[in-house]
There are 2 protein chains.
Amino acid sequence: MRSPESAARERAKEPGRRAGQLSRLEIQRAALRIVDLAGLAELTVRRLAQSLHVTPMAIYRYFPNKAALEATLVDLVVSDSAVTAHDTPELRLWLLHTFARMRHALCRHPGIMPLLGTASHSSGNALAIVEQVLGRMRSHGIGSGDATRLFYRATAFTLGSVVMMDSVSLAHFVKPRPVQDELRRQQRHGFAALPKTEFPQVVAASAALADCYSGKRFEQELLGVIDDALQAAPHS
Amino acid sequence: MRSPESAARERAKEPGRRAGQLSRLEIQRAALRIVDLAGLAELTVRRLAQSLHVTPMAIYRYFPNKAALEATLVDLVVSDSAVTAHDTPELRLWLLHTFARMRHALCRHPGIMPLLGTASHSSGNALAIVEQVLGRMRSHGIGSGDATRLFYRATAFTLGSVVMMDSVSLAHFVKPRPVQDELRRQQRHGFAALPKTEFPQVVAASAALADCYSGKRFEQELLGVIDDALQAAPHS
DNA sequence: ACCTGAACACCGTTCAAGT
DNA sequence: ACCTGAACACCGTTCAAGT
């Protein structure tokens with residue numbers, strides 16, 4: 001139909017064109033971009049290829065299938081977030097910041113939440129975080145058993161708090177603060193507007209519950225979880 | 001091609017045929033069955049219709065689209081699990097059993113985990129659980145703020161612990177105990193087999209970490225979370 | 001009211017071919 | 001080695017039609 005030369009020239013003319021060859025990382029970044037902007041359901045081999053100005057089948061030179069590509073996205077977010085790349089001398093605050101960064105990274109990429117169940121700790125970057133968190137606690141004199149226990153509690157609490165944030169809050173996490181406040185207000189009104197006879201406790205605690213489900217009280221409660229666990233563990 | 005009469009007769013002859021008309025609940029149960037047996041990705045309108053001995057478009061008489069059907073599955077599992085349908089006098093054990101039942105229900109239907117971010121607390125059945133948990137605590141003399149805080153911590157920990165369980169453990173959750181033990185052993189070996197120079201802490205704590213990721217230590221740690229929160233809250 | 005059947009615009013993926 | 005193009009067996013969903 002058309003000479004490949006002219007096709008290449010046309011591609012080169014496009015404003016957002018790629019420079020040179022494709023790569024695994026370039027594909028992953030484009031995939032994450034689609035997931036962030038449009039959700040995991042909109043991540044399609046064909047659409048991904050289009051965003052890279054390439055034919056769908058070009059993707060398969062770098063990944064055996066779509067699932068294999070998706071599985072790498074969690075690791076990409078994990079390594080991007082660099083949760084331990086901060087220096088906080090005090091142990092409890094170091095842990096607070098580390099897990100808060102983890103949650104922040106997940107909230108900014110809510111589309112990957114469904115992928116968390118896949119290849120979680122088998123990925124190198126996630127394992128490196130486990131290693132550093134455990135090591136930090138050990139170096140502060142905390143025993144191996146206590147360190148593992150605190151890691152388990154804090155990790156589960158962090159992941160669970162992201163799951164608890166409903167999709168509305170998550171989808172608008174990157175939106176400006178006024179929008180967040182508006183959403184929280186809607187949420188409180190959602191709880192508060194329930195029939196008081198059927199859900200008296202929920203209505204009475206509507207403001208506090210809205211804070212929990214919107215993530216506003218996350219850091220406060222995370223610090224509580226950390227302090228409770230540290231209190232039970234003798235350390236320097 | 002063929003008279004509708006003979007088609008109906010043929011359908012009636014099939015062994016697992018439906019009796020009479022379709023219903024929302026019947027469709028939901030069939031959908032959950034597919035998700036449990038084959039995973040959420042295998043839940044397809046066409047396959048679902050086939051399992052109900054019906055044409056794909058028959059589904060759309062009861063649900064506006066596939067997403068609306070999926071959104072009801074979380075609520076179905078929640079109401080099936082009847083997490084508060086037990087009598088345990090002591091408060092801390094009542095809470096332990098309630099959240100342990102919640103986790104058990106989710107582990108038995110791992111396919112719905114990706115749906116948790118959708119319409120979580122807007123569903124009536126989930127709200128009823130919140131109401132009962134809060135009410136139980138209030139009736140034991142716990143203040144509203146402390147009750148909400150404990151609910152938040154325990155819920156997030158429970159959901160997070162399910163997310164932490166990797167897909168292997170989850171997929172085989174319903175399998176017999178020997179298989180579970182085998183999986184846990186593999187998991188420990190997975191941690192233990194890492195390069196000791198790169199991941200010394202992970203290797204050293206491999207057995208304990210495997211217990212966390214496999215869910216074996218869930219109830220023990222959940223009770224710790226509950227007791228820590230109760231200790232901070234004055235109650236009878 | 002409830003279900004069917006054909007059709008449309010999509011999927012992921014295979015296979016053979018181009019340079 | 002890297003990418004294209006056509007093709008296959010699927011999707012969810014609309015629309016018109018049957019009883």
Side-chain angles (χ1 to χ4, degrees), chain A residues 1-14 17-28 30-31 34-35 38-73 111 114-115 118, chain B residues 1-14 17-28 30-31 34-35 38-73 111 114-115 118:
Chain A
M1 280 287 166
R2 197 204 301 168
S3 86
E5 273 181 2
S6 76
R9 246 182 266 118
E10 239 173 84
R11 245 174 56 201
K13 262 185 280 182
E14 308 207 28
R17 75 176 189 85
R18 300 180 310 96
Q21 238 180 255
L22 226 48
S23 74
R24 276 177 65 93
L25 185 60
E26 190 182 5
I27 295 173
Q28 291 170 235
I34 292 175
V35 172
L40 187 59
E42 295 300 312
L43 175 59
T44 263
V45 176
R46 295 172 126 101
R47 179 167 172 178
L48 175 60
Q50 198 178 14
S51 83
L52 290 163
H53 307 289
V54 117
T55 267
M57 284 316 298
I59 310 290
Y60 288 82
R61 191 69 41 175
Y62 299 85
F63 297 92
N65 50 51
K66 191 190 172 192
L69 165 60
E70 286 178 341
T72 70
L73 295 186
L115 303 173
T118 331
Chain B
M1 281 284 167
R2 198 203 300 168
S3 85
E5 274 182 1
S6 76
R9 247 183 265 120
E10 239 174 83
R11 246 175 55 203
K13 260 185 280 182
E14 307 207 28
R17 76 178 188 83
R18 300 179 311 95
Q21 235 180 258
L22 228 48
S23 74
R24 276 177 65 92
L25 185 59
E26 190 182 6
I27 295 173
Q28 291 170 234
I34 292 176
V35 172
L40 187 60
E42 296 300 312
L43 176 59
T44 263
V45 176
R46 294 170 126 101
R47 180 167 172 179
L48 175 61
Q50 198 177 13
S51 82
L52 289 163
H53 307 289
V54 116
T55 266
M57 284 315 299
I59 310 291
Y60 289 82
R61 190 69 41 175
Y62 298 86
F63 297 92
N65 50 49
K66 191 190 172 192
L69 165 60
E70 286 177 341
T72 69
L73 295 187
L115 304 173
T118 331

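All figures in this text were calculated on a predicted structure; none of them were measured in a lab. Any value given below was found using the heavy atoms of this structure, including those in side chains, with hydrogens, waters and symmetry copies removed. Chain letters run A, B, ... following the sequence lines, proteins first, then strands; residues in each count from 1.
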Between [N] atom [atom2] and [X] atom [atom1], what is the distance in whole Å?
X        : N       : atom1 : atom2 : value
Leu52(B) : dC3(C)  : CG    : P     : 10 Å
Ile59(B) : dG5(C)  : CD1   : C1'   : 16 Å
Gln50(B) : dC11(D) : CD    : C1'   : 14 Å
Gln21(B) : dT19(D) : CD    : P     : 18 Å
Glu42(B) : dC10(D) : CD    : P     : 12 Å
Glu26(B) : dC2(C)  : CD    : C1'   : 14 Å
Leu69(B) : dT13(D) : CG    : C1'   : 14 Å
Leu48(A) : dT13(C) : CG    : P     : 12 Å

Candidate nucleotides [options], ranked by approach to the side chain of [X] - the nearest:
X        : options                   : result
Met57(B) : dT14(D), dC3(C), dA7(C)   : dT14(D)
Lys66(A) : dG12(D), dC15(D), dT13(C) : dT13(C)
Arg46(B) : dT4(D), dC3(C), dA7(C)    : dA7(C)
Tyr60(B) : dT14(D), dT4(D), dT13(D)  : dT13(D)
Pro56(B) : dT4(D), dC3(C), dT13(D)   : dT13(D)
Ala58(A) : dT13(C), dT4(D), dT4(C)   : dT4(D)

Dot-bracket summary - DNA chain D, pairs being Watson-Crick or G-U whose distances fall under 3.5 Å, with | when paired to another strand
||.|||||...|||||.||
With a 3.5 Å cut-off and sequence neighbours excluded, list the donor-acceptor pairs that the side chains of residues 66-73 of chain B form with protein atoms.
| residue | atom | partner | partner atom | Å |
| --- | --- | --- | --- | --- |
| Lys66(B) | NZ | Leu43(B) | O | 3.0 |
| Thr72(B) | OG1 | Leu69(B) | O | 2.7 |

Going from [atom1] on [X] to [atom2] on [Y], what distance comes out if it is rounded to the nearest 0.5 angstrom?
X        : Y        : atom1 : atom2 : answer
Ile27(B) : Ile59(B) : CD1   : CD1   : 4.5 Å
Glu26(B) : Gln28(B) : CD    : CD    : 11.0 Å
Gln50(A) : Ile34(A) : CD    : CD1   : 9.0 Å

With a 4.0 Å cutoff (strictly under), does any side-chain N or O of Thr44(A) reach OP1 or OP2 of dC10(C)?
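Checking dC10(C) against Thr44(A), no side-chain N or O comes under 4.0 Å of OP1 or OP2.
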For dC3(C) and Tyr62(B) - does any side-chain N or O of the residue sit under 4.0 Å from the phosphate oxygens OP1/OP2?
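So the side-chain polar atoms of Tyr62(B) do come within 4.0 Å of the phosphate oxygens OP1 or OP2 of dC3(C), strictly under.
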Give the minimum heavy-atom separation between Ser51(B) and Ala30(B), together with the two atoms involved.
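Heavy atoms of Ser51(B) and Ala30(B) come nearest at OG-CB, 4.0 Å.
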Okay, side chain of Tyr62(A), backbone of Leu22(A): is any donor-acceptor separation there less than 3.5 Å?
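Judged by distance alone, yes, a pair lies under 3.5 Å.
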Given DNA chain D, 5'-ward residue of the pair Asn65(B) and Arg61(B), judged by closest heavy atom
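It is Asn65(B), whose closest nucleotide lies nearer the 5' terminus.
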Among all residues two or more places apart in sequence or in another chain, which pass the side-chain contact (heavy atoms from CB on, under 4.5 Å) test with Ala38(A)?
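Testing Ala38(A) for side-chain contact (heavy atoms from CB on, under 4.5 Å), a comparison that skips the adjacent residues, returns Glu42(A), Arg47(A).
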